[in-house]
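Step one of this worksheet: look at the structure below.
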Protein chains: 2
Amino acid sequence: MSDTSCAACPLRAQGGFTQVSDAELAFIEKFRRRESTLGPGEAILREGESSSLLFTLRAGWAFRFRSLPDGRRQILNFLLPGDFIGLQAELSGQVPHGVEALTPVRLCVFPRDELWDLYRGFPGLAYDLTWLSAHEELIVDENLLGVGQRSAMERIAMLLVHLYKRARSVGEGDESGVNFPLNQQHIADALGLSLVHTNKSLRRLHAYGLHELSANRLRILKVEALQRLADYYALPLRARPLI
Amino acid sequence: MSDTSCAACPLRAQGGFTQVSDAELAFIEKFRRRESTLGPGEAILREGESSSLLFTLRAGWAFRFRSLPDGRRQILNFLLPGDFIGLQAELSGQVPHGVEALTPVRLCVFPRDELWDLYRGFPGLAYDLTWLSAHEELIVDENLLGVGQRSAMERIAMLLVHLYKRARSVGEGDESGVNFPLNQQHIADALGLSLVHTNKSLRRLHAYGLHELSANRLRILKVEALQRLADYYALPLRARPLI
DNA sequence: CGATCGCTTGATCGCTATCAAATCGTGTGG
DNA sequence: CCACACGATTTGATAGCGATCAAGCGATCG
């Protein structure tokens with residue numbers, strides 16, 4: 001697949017993202033080295049390794065995770081189109097978490113060592129990067145609140161609503177639902193639950209008739225009810241920067 | 001108490017922070033509007049409210065939290081001297097979390113609406129802000145990993161080691177221990193445990209003789225053993241930016 | 001067609017929550 | 001100085017949510 005020009009970026013075209021100036025766009029185009037494609041289950045970043053690369057997820061879903069020596073794994077957050085990957089690395093470039101593709105993904109690849117040019121020449125983009133970082137932290141905060149304080153059912157309801165809204169906000173799916181590439185193990189790892197209990201809770205929640213989840217497709221029938229059940233009221237999603 | 005000049009900042013003097021140029025220091029000095037002092041339990045930021053202010057915690061401890069409508073509260077992370085407060089607010093300035101002082105705190109206060117001057121004129125400081133944001137996310141990641149995957153005892157051991165190391169890294173305490181202003185309710189809220197269970201686990205952990213915790217003072221006797229118990233191996237703390 | 005992976009279900013265990021109450025230290029007012 | 005209130009800590013008893021163990025089912029794939 002050949003690389004698309006940033007000016008013709010289908011993601012940027014589809015709205016929900018902030019505007020950039022022509023000069024900024026030109027810089028981004030130059031900053032981006034190439035595009036890259038990976039399949040489901042492939043590693044974008046490996047836990048504990050160094051990477052001199054940064055990415056923007058242009059298409060597809062992925063997730064960020066950390067694990068313990070004995071194999072327990074915690075999914076920290078899910079990455080959807082427009083999300084930026086790799087900021088958390090310390091200067092050394094070593095990332096304490098892994099990032100793995102959930103679906104086929106399309107990545108824009110940037111060289112970390114030219115990040116400085118961005119800060120020096122394009123304060124607007126620099127600001128955007130900080131914003132993206134702070135925004136991702138906000139999502140992790142929300143997960144932590146859920147995992148620390150909510151019951152299993154509440155957590156699941158929250159996750160479904162959360163991902164549904166985010167997917168819709170980047171233009172995926174429609175009234176009939178969105179693609180939903182997580183399996184139950186992913187849900188369990190994201191919510192700090194066992195696989196078995198996740199299955200049982202999911203089943204019990206399904207019996208309420210507030211959502212449909214089948215064949216990789218998620219449909220939310222009663223958003224309000226689900227949100228009430230989870231005590232989860234997401235802030236409205238604003239236009240966000242895209243680099 | 002009169003304001004200190006940034007050039008004479010006792011925090012910056014004490015090492016562990018990255019260097020800034022004279023020009024940057026001068027900007028920070030101008031950017032900072034005033035200092036402010038709050039007592040334990042006082043709110044630095046109120047959950048859900050808007051704030052046009054940003055802060056650097058110059059002295060004292062605080063914590064960031066979110067709560068659910070029914071009162072359950074999750075502490076997201078603890079703030080120690082040098083930490084920057086308020087980045088997570090969306091452009092509107094609305095913060096989804098609260099920040100509360102644990103000890104008497106001394107804050108440097110910055111006007112959010114001049115943040116743009118920093119990005120335009122001082123790319124190095126802009127970079128630092130992104131770094132601080134990403135670094136805080138890293139800490140929240142770690143908490144999420146713990147709350148999602150670790151047992152009660154492991155979580156407590158982790159928290160003690162984590163806070164001890166951070167406190168030491170900003171120059172607090174000595175071999176004989178550090179001040180430790182959390183009560184058991186704070187620990188419970190940070191780790192997603194009930195107060196009663198926190199107490200019992202703390203007690204059981206204390207019986208192992210790996211630490212001493214009394215009268216607001218924490219002493220770690222066997223760091224290695226505690227870390228092994230928690231499966232927690234913190235990355236070495238690097239020099240960090242201070243704004 | 002056997003193998004593998006993800007989903008489902010039942011039985012049992014145990015960690016942690018919840019309920020209840022006692023203890024202790026501290027500050028306050030009589 | 002004592003009585004009292006209040007917050008933080010501690011302890012015991014009981015309940016329950018979610019983990020763990022074990023097994024079966026269904027679909028996809030080489």
Side-chain angles (χ1 to χ4, degrees), chain A residues 39-42 63 68 70-75 100 102-103 146-160 179-207 211-218 229-231, chain B residues 39-42 63 68 70-75 100 102-103 146-160 179-207 211-218 229-231:
Chain A
E42 287 194 86
F63 63 90
L68 292 172
D70 65 10
R72 288 175 282 181
R73 178 178 76 167
Q74 176 67 38
I75 292 183
E100 184 178 314
L102 269 172
T103 67
V147 172
Q149 304 298 329
R150 281 188 249 253
S151 73
M153 287 266 281
E154 291 173 329
R155 290 182 219 182
I156 292 177
M158 171 189 73
L159 183 67
L160 296 181
N179 283 325
F180 191 79
L182 323 202
N183 63 27
Q184 296 187 355
Q185 186 67 63
H186 291 123
I187 299 178
D189 287 349
L191 301 180
L193 298 170
S194 74
L195 176 60
V196 174
H197 196 62
T198 299
N199 176 280
K200 289 174 179 170
S201 304
L202 209 40
R203 205 116 267 289
R204 200 140 49 87
L205 183 61
H206 180 249
H211 76 283
E212 298 285 344
L213 182 51
S214 62
N216 285 341
R217 197 152 186 89
L218 167 66
L229 196 146
D231 249 333
Chain B
E42 287 194 87
F63 63 90
L68 292 172
D70 65 12
R72 288 174 282 181
R73 178 178 78 167
Q74 176 67 38
I75 292 183
E100 184 178 316
L102 269 173
T103 67
V147 173
Q149 304 298 329
R150 281 188 249 253
S151 72
M153 288 267 281
E154 291 173 328
R155 289 182 221 182
I156 292 177
M158 172 188 73
L159 183 67
L160 296 182
N179 282 326
F180 191 79
L182 324 202
N183 63 25
Q184 296 187 356
Q185 186 66 64
H186 291 123
I187 299 178
D189 287 348
L191 301 181
L193 299 170
S194 73
L195 176 60
V196 173
H197 195 62
T198 298
N199 176 278
K200 289 175 180 170
S201 304
L202 209 40
R203 205 115 267 290
R204 199 140 49 86
L205 183 61
H206 181 250
H211 76 283
E212 297 286 343
L213 182 50
S214 63
N216 286 341
R217 195 151 187 91
L218 168 66
L229 195 146
D231 248 334

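This is a predicted model, so every value here is computed, not measured. Numbered from 1 within each chain, the chains take letters A, B, ... in sequence-line order.
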The ring pair (Phe, Tyr, Trp, His ring centres under 6.0 Å) partners of A:Phe63 (sequence neighbours excluded) come to A:Phe65, A:His186
The side chain to side chain donor-acceptor pair (under 3.5 Å) partners of B:Glu42 (sequence neighbours excluded) come to none
Sorted by chain and residue number, the salt bridge (charged side-chain N to carboxylate O under 4.0 Å, His left out) partners of A:Arg72 (sequence neighbours excluded) come out as A:Asp70, B:Glu154, B:Asp231
Between the CG atom in A:Leu229 and the CD1 atom in A:Ile156, the distance rounded to the nearest 0.5 Å is 10.5 Å
Output for pair (A:Arg150 CZ, B:Leu68 CG), nearest 0.5 Å, gives 5.0 Å
Sorted by chain and number, sequence neighbours left out, salt bridge (charged side-chain N to carboxylate O under 4.0 Å, His left out) with B:Glu100 holds for none
Rounded to 10°, the angle between the first-five-pair and last-five-pair axes of the helix from C:dC1-D:dG30 to C:dG30-D:dC1 is 30°
Rounded to the nearest 0.5 angstrom, the CG-CD1 distance for A:Leu160 and A:Ile187 is 6.0 Å
Can you check whether A:Thr198 reaches A:Leu191 side chain to side chain, under 4.5 Å on heavy atoms? no
Counted 5' to 3', the first and last nucleotides of DNA chain D within 4.0 Å (strictly under) of a heavy-atom of chain A are D:dG18 to D:dC21
Rounded to whole Å, the CZ-C1' distance (B:Arg155 to C:dC15) equals 10 Å
Interatomic distance, CE@B:Met153 vs CG@B:Leu202, rounded to 0.5 Å, equals 10.0 Å
With sequence neighbours left out, the residues meeting side-chain contact (heavy atoms from CB on, under 4.5 Å) with A:Ala190 are A:Ile75, A:Phe78
The side chain to side chain donor-acceptor pair (under 3.5 Å) partners of B:Asn179 (sequence neighbours excluded) come to B:Arg217
Between the protein and nucleotides 21-27 of chain C, which nitrogen or oxygen pairs come in under 3.5 angstrom?
none

In whole angstroms, the gap separating C1' of C:dT18 from CZ of B:Arg72 amounts to 14 Å
Those residues at least two apart in sequence (or on a different chain) that pass ring pair (Phe, Tyr, Trp, His ring centres under 6.0 Å) with A:His206 are A:His211
In whole angstroms, the gap separating C1' of C:dC7 from CD1 of A:Ile156 amounts to 14 Å
Contact check, residues 190-202 of chain B vs DNA chain C, heavy-atom distance under 4.0 Å, returns B:Gly192, B:Leu193, B:Ser194, B:Val196, B:His197
Between CG of A:Leu182 and P of C:dG6 the distance, given in whole Å, is 13 Å
So salt bridge (charged side-chain N to carboxylate O under 4.0 Å, His left out) across residues 185-204 of chain B, not counting sequence neighbours, yields B:Arg73-B:Asp189
From CE of B:Met153 across to P of C:dT16 the rounded distance in Å is 10 Å
note: A:His186, atom NE2; C:dC5, atom C1'; distance rounded to Å ~ 13 Å
